[in-house]
**Q** 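Have a look at this one.
Computation of the quantities below employed the complete heavy-atom set of this structure, encompassing side-chain atoms and omitting hydrogens, waters and symmetry-equivalent molecules. We count ligands from 1, going down the list as the structure has it; atoms in each ligand are counted the same way.
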Amino acid sequence: MEQMKKVPITFYIRRFDPVTDEEPRIQKYVLQVEKGMTVLDCIHVIKEEQDPSLAFRFSCRMGVCGSCAMLINGKPTLACNTQTLDLTDSVLTVGALPNFNIIRDLVPDLVPMFGVHQRVQPYIIRKDTQEMEKPSGEYFQSPHQLEEFLQFTYCIKCGVCMAACPTMATDRQYPGPMALTQAYRYNTDSRDDGGGERKDLVAKSHGVFGCHYAGECSNACPKGVDPARAIQLLKRDLVRDYLHLGKDHACAKTHPLPPNAERKPKIEAPPFTAGT
Ligand code: FES
């Protein structure tokens, strides 16, 4: 069998331990890389064969969990979904995601991001609490109503959009594209009635109007989600609300299902877009 050709790639990896280091430093590693090796694979080999002290985060290795997001050649993306030899035949730079504090080396502190995510209440909120506790039927949703927010449900909370966002880089109080997109996703869900409760975070002085519509979040998203669009639509909804023009959907009511009701056909997911 023909031997796979190996290419020597020089990795410049940004190292930092906030406990012992005053400044980040760049460490050089040279690795023989063959076709098919992702950046995450390469970092694993470096750790196993050259430097066990290198810290990074990963889990699924298939672009699903969002754990391995890092800055690769200056671009925030998923390391497990990036083919090394597609990017370079000589040199690669790797660092932790910007706009986050660093726990160590390539591991960003995502706790503030998840804290803001929690504050937008990323779940269906309704006034009919009795019905929520003891459902008497289903909340019908048309395919069109589903399409209104479906793409925003593909967010894997990897933090790539937050690292790409120029507003995040200058305003740490800005909630960021991930949380704002999830606010829009639930506000737009025809079953939800919680827009008013999310307004505090979305409409505050460092809120949604801090976005200058650079669009970097949408360019960077490895799952093809368009946070920049969600944020502009959130702005539109706030203006509509300010002018008392009301919501563009009424909150869905419960419909008891007849015993042999025909279920709606399953809606197919769009094609996987990461790494394209
Ligand atoms: S390891 Fe899960 S997305 Fe990369």
**Q** Testing the 3.5 Å rule here: is there a donor-acceptor pair between the side chains of Asp189 and Gln145?
**A**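 On atom types as modelled, these side chains do not qualify, holding no pair under 3.5 Å.
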
**Q** Have a look around atom 4 (Fe) of ligand 1 and list protein N/O/S atoms under 2.8 Å, or say none.
**A**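 Short answer, with waters excluded from the count: Cys68 SG, Cys80 SG.
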
**Q** Judged by modelled atom types alone, do Arg25 and Gln27 share a side-chain donor-acceptor pair under 3.5 Å?
**A**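 Gln27 and Arg25 do have a side-chain donor-acceptor pair below 3.5 Å.
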
**Q** Would you say the rings of Phe152 and Tyr184 are close, in the sense that their centroids are separated by under 6.0 Å?
**A**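 Yes - the distance between ring centres of Tyr184 and Phe152 falls below the 6.0 Å cut-off.
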
**Q** Regarding Gln83 and Thr38, is there a side-chain donor-to-acceptor distance under 3.5 Å anywhere?
**A**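 Thr38 and Gln83 do not have a side-chain donor-acceptor pair below 3.5 Å.
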
**Q** Salt bridge or not between Asp86 and Lys35? Use side-chain N to carboxylate O under 4.0 Å.
**A**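 No, Asp86 and Lys35 are not salt-bridged.
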
**Q** Got a salt bridge between Arg15 and Asp105, using NZ or NE/NH1/NH2 to carboxylate O under 4.0 Å?
**A**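 So Arg15 pairs with Asp105 through a salt bridge.
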
